[in-house]
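The structure appears below as structure tokens.
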Amino acid sequence: MVSEWVAPIVITSIWAFIGIICPFFARGPNRGVTQCCLMLTAATCWLFWLCCYMTQLNPLIGPKLSMNEIMIMAREWGNEIKDTMAVTV
Amino acid sequence: MSKWWSCGSNQESNSIFRSEVMSLVQMYLQPEAAYDTIAALGEVGCVQFRDLNAKINAQQRKFIGEVRRCDELERRIRYVTAELNKEGHKVLDLMDDFPPAPQPREIIDLELHLEKTETEILELAANNVNLQTSYLELSEMIQVLERTDQFFSDQESHNFDLNKMGTHRDPEKSNGHLGFVAGVISREREYAFERMLWRISRGNVFVRRCDVDVALTDPKTGNVLHKSVFVVFFQGDQLQARIRKVCTGFHAHMYPCPSSHSERQEMVKNVRTRLEDLQVIINQTSDHRTCVLQAALKQLPTWSAMVKKMKGIYHTLNLFNVDLGSKCLIGEGWVPKRELELVEVALAAGSASVGSTVPSFINVLDTKKEPPTHFRTNKFTRGFQNLIDAYGIAGYREVNPGLYTCITFPFLFAVMFGDMGHGTILFLLGLWMVIDEKRLSKKRGGEIWNIFFAGRYIIMLMGLFAMYTGFHYNDIFSKSINVFGTRWVNVYNRTTVLTNPTLQLNPSVATRGVYPMGIDPIWQSASNKIIFLNTYKMKLSIIFGVLHMVFGVCMSVENFVFFKKYAYIILQFVPQVLFLLLMFGYMCFMMFYKWVKYSPTTDVEADTPGCAPSVLIMFIDMVLFKTETALPGCDVNMFPIQKNLEMIFLVVALLCIPWILLGKPLYIKYQRRNRPAGPVEEVDEIVEKIEVTTGKEIIITEVAEAHESGGHSEEDDEPMSEIWIHQAIHTIEYILSTISHTASYLRLWALSLAHAQLSEVLWTMVLAMGLQMNGYVGAIGLFFIFAVWEFFTIAIMVMMEGLSAFLHTLRLHWVEFMSKFYVGNGYPFTPFSFKDILIVVEDD
């Protein structure tokens, strides 16, 4: 359960840095435009990531796979097909 | 359209949040310095002049003579350009490095030069026609002399005097001898010609003819002529006269032709010599014409630019008021406040260039007229500002949505277009145009290319954001990549896998955490991925849509504060944003809450996936005061006080409707009742008394022009009934559009789904076929199939789908976002600028 907080913290920190810290360092005649672009980019991209993350936080349905696909994933992604059920709650 | 002005200042930040502060300036120019001053202002490009002579027609203005002279020069330039085009030389307008505006005395030299060039070309053209005519005649004579050989050999056995000349001169009078006439006639006339000869002679003539094989050219039109050589044999003097008349009537050319073979040979030789001499002369004339045109070709773009500048200057001077008594020109124009210093420098430069001792100067006037709207864009923001201006020019100092469109536009495009592969292609296209923009800006690719190039930063950002959203959708040409390791594991044993064609993983036991960034790659292969992605993308669309609209409504506060209409914050903004948040903001909250609350690993039965309610059905039940029947073990509410909260939200939202409807009209009514007695009629007159060198006073009365809006707010003059009607329309429009615009944002999901499915079809139907081939033939086949797939990818997925997503994004901004706050009733700032005059878009 602890590892589930690592990704949100890291990604939120990155976008917070871009959207909150970086605008203070904007310079030049187009400072206003630069600041606005940085903040809007951080806000929109972070929210997009958040919706994507939360939709998979508690999935309500699981993927429906064919026999062939299960075998390919077992071979390519290392999920070995075992001889017994592996139930972990 | 807002444009890239040549004037630049780094004193302040170039924010496009609001339009520039504008000043109405009154300009006093000394007549001797007026031309140079306007020339300097044209180079700077900061002043939009008002027409002070609107009531004077064009023919009566002071500088109409000079304008006509410039027109004549332009006509001559166009004539020479047309002649150059005939020669195959393309005259290209200058795109940079323009020459300075010419002095009036320099134009005299240019006039002489152009007149000489034009006269020379005209004379050369006339000479060429004459030479070509002579050439044609000699060519026809050659044909007559050569073709008639076979005619005469056929007549050797007849009574023919071999030692006599042709009958075109003093034919023999003795009976029994045949005379003849030879010439050339157009092929389309020869049959009618023969019939006519037959009739007038009652069958007593003998006609022989032969086609001319070589191509002859009409000297005037340059068309190809098709002709025939003819010989008419006859007897008697009277018949000869008739035959000659017929020949003349049919425009046949008659040529002398000796009857003797040796004489014909000698004549052929002479005519050939003359033809060769004539050809030499024609070639020399053509070379001379080419030299003249080549000399003009180098100078023509510069001359064209100079004449256009001069014409622009005189047109601008015609807008000035000429006060003959005080010997000065008086003009008015709009100037960005930041550029007043530049304008004063230009005035000083104009005076200094002619050594004038009396300086030209400007006054800044106070006026209630609506200034034009001017945004100082740069090469990055210009494309986005053009998108906004296509919908409507912002009112003066109104909040400009162009600033936020720089990011929201490419982002919303990317939500629809999300695909890392297609996004990369789009990004590289935009990147190429950005990196190589200095070279490409000089390219003349036509109108479509200019549109693409002007939007290069939009294209680059759209591609960049599409790569980001494509990474989250985990979609590269419809395939996924397993970057962080799938979080789904197969928990079935070997026997179960081998005995079931399809299996669905149970989220309560088959998950090992959350995929950190993007969609888990396992979903790309799942047969029920559309169900999963649809729920995700629909929620995503509504969340972003509601946020976008709330952001738009909040922008109206900026306008209310800036224009000091603070009461409208309470009367307009608060009920609007309350309605939006209580109804659709609450819907977004339900979406987030559902993501958190219902879990496959929960201990509470009411929070299991089977009990998860539909957000849309809950929203409908909220509005309709309905209650669903809960499934066994489930709770009908998401949280304990949901029903009460929804009731409160709905009541408050409904109260906002009369709030919007009645608030503003009642406020205006109250304000008018408490206004000081008798509205003071404001006269739109600016009375200025200026003393100039001569000591005379100038009184200028400015009459408000009909095409410009009144000086004060329209609400002060509007009758109450109109205000009530407008507010009712506005209220209905806002309430209904809140509902329909929320549904409109679902296009983000619809286009994203369509794009993903199209990409998958393209993969499955095209490239996958090649990948399934075997052997060397398969390798060759894959080469060609990949080419087909790549062509369709670029043509359909990037170009057509990109254009579709672009247009939908444009609508989401123009209608859904900007309708919340944007009035857009301004008019653009169009300064007198030489660059605008000279840089024209080619339509080839």
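No donor-acceptor pair closer than 3.5 Å links the side chain of B:Gln504 to the backbone N or O of A:Leu65. Side chain of A:Glu69 to main chain of B:Thr502: no donor-acceptor pair is present (N/O by atom type, distance under 3.5 Å, no hydrogens or angles).
Looking at B:Thr469, both its backbone and its side chain come within 4.5 Å of chain A, counting heavy atoms on both sides. In this structure, the portions of B:Leu503 lying under 4.5 Å from any heavy atom of chain A include both its backbone and its side chain. With a 4.5 Å cut-off on non-hydrogen atoms, B:Ser599 touches chain A through its backbone and its side chain both. With a 4.5 Å cut-off on non-hydrogen atoms, B:Lys594 touches chain A through its side chain but not through its backbone. Of the atoms belonging to B:Tyr404, heavy atoms from both backbone and side chain fall under 4.5 Å from chain A. Both the backbone and the side chain of B:Phe592 come within less than 4.5 Å of a heavy atom of chain A. Within the 4.5 angstrom heavy-atom criterion, only side-chain atoms of B:Leu547, from C-beta onward, approach chain A. Contacts of B:Pro410 with chain A are absent, with no heavy-atom separation under 4.5 Å from either backbone or side chain. Looking at B:Asn500, only its backbone comes within 4.5 Å of chain A, counting heavy atoms on both sides.
Under the 30°/60° scheme for interplanar angles, the aromatic rings of A:Phe48 and B:Tyr468 are found to be tilted.
Chain B forms the most heavy-atom pairs under 4.5 Å with one residue out of A:Cys51, A:Pro63, A:Cys45, and that residue is A:Pro63.
With respect to A:Asn58, the side chain to side chain contact (heavy atoms under 4.5 Å, CB included) criterion is satisfied by exactly one of B:Pro609, B:Pro507, B:Pro600: B:Pro600.
Taking all atoms of both residues into account, the shortest heavy-atom contact from A:Tyr53 to B:Pro516 is CD1-O, 3.5 Å. When every heavy atom of A:Met67 is checked against every heavy atom of B:Val497, the shortest pair comes out as CG-O, 3.4 Å.
For the atom pair CZ of B:Phe384 and SG of A:Cys37, the computed distance is 7.5 Å after rounding to the nearest 0.5 Å. Rounded to the nearest 0.5 angstrom, B:Leu505 CG and A:Ile61 CD1 are separated by 11.5 Å.
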